[in-house]
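For reference, the structure is listed below as structure tokens.
Side chains included, hydrogens not; waters and symmetry mates left out as well; all remaining heavy atoms used. Owing to the predicted nature of the structure, the values given are computational and were not obtained by experimental measurement.
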Amino acid sequence: MTKEQEAMLNRINQYAEEVMADIDPQKTPISVQLEKLRPMMETIAAEQKRPLEDIFIEYMDLASEFSARNAQRFQEDYLDFDMVQDDIYKSH
């Protein structure tokens, strides 16, 4: 992920926190969530002189990449925690 892509993702996510504060993402269809984000994506599309559809696709790709990276980090941290726990149990 480039710095520009990360900045775009952060910008959209910050906007999402404002406009979707009362929405449960687990119970709200993705289409509804994306519609809420549309104004920010339209702004970015205009700034970058790109089609809105490209921004939607890039956002979805970046969000997936970000989510996968966080899941991987969580697993690595969890494995580290398990190893520490195993070491503690073995030492007693």
- Item | Approximate separation, where rounding is to 0.5 Å, of M41 CE and D54 CG | 12.0 Å
- Does L34 share a hydrophobic cluster with L52, counting links as ILVMFWY side-chain heavy atoms below 4.5 Å and allowing steps through other members? yes
- Message: Hydrophobic cluster membership, with links at side-chain heavy-atom distances under 4.5 Å among I/L/V/M/F/W/Y: are M60 and L9 in one?
- Response: yes
- Steps toward salt bridge (Lys or Arg N to Asp or Glu O under 4.0 Å) verdict (R11, E47): CA-CA 13 Å; R11 189 173 172 192; E47 291 170 357; 2.6 Å; yes
- Message: Hydrophobic cluster membership, with links at side-chain heavy-atom distances under 4.5 Å among I/L/V/M/F/W/Y: are M8 and M1 in one?
- Response: yes
- Query: Roughly how far, to the nearest 0.5 Å, is CD1 of I44 from OH of Y59?
  - Reply: 10.0 Å
Please list every donor-acceptor pair under 3.5 Å in which a side-chain atom of residues 18-33 meets a protein atom from a residue at least two apart or in another chain.
unit_1: D24; atom_1: OD1; unit_2: Q26; atom_2: N; d: 3.0
unit_1: T28; atom_1: OG1; unit_2: D24; atom_2: O; d: 2.8
unit_1: Q33; atom_1: NE2; unit_2: P25; atom_2: O; d: 3.2
unit_1: Q33; atom_1: NE2; unit_2: T28; atom_2: O; d: 2.7

- Can you list the residues that meet the salt bridge (Lys or Arg N to Asp or Glu O under 4.0 Å) rule with R38, with sequence neighbours excluded? E35, E42
- Near F66 CZ, under 6.0 Å, is it more than 12 heavy atoms from other residues, nucleotides or ligands? no
- Note on the structure: Across all chains, not counting sequence neighbours, the salt bridge (Lys or Arg N to Asp or Glu O under 4.0 Å) partners of E53 are none
- Message: Tell me whether N10 contacts the main-chain N or O of E6 through its side chain, where contact means a donor paired with an acceptor under 3.5 Å.
- Response: yes
- Query: To the nearest 0.5 Å, what is the distance between CD1 (I12) and CD (E17)?
  - Reply: 13.0 Å
- Find the distance between CD (E58) and CZ (R50) and round it off to the nearest 0.5 Å. 4.5 Å
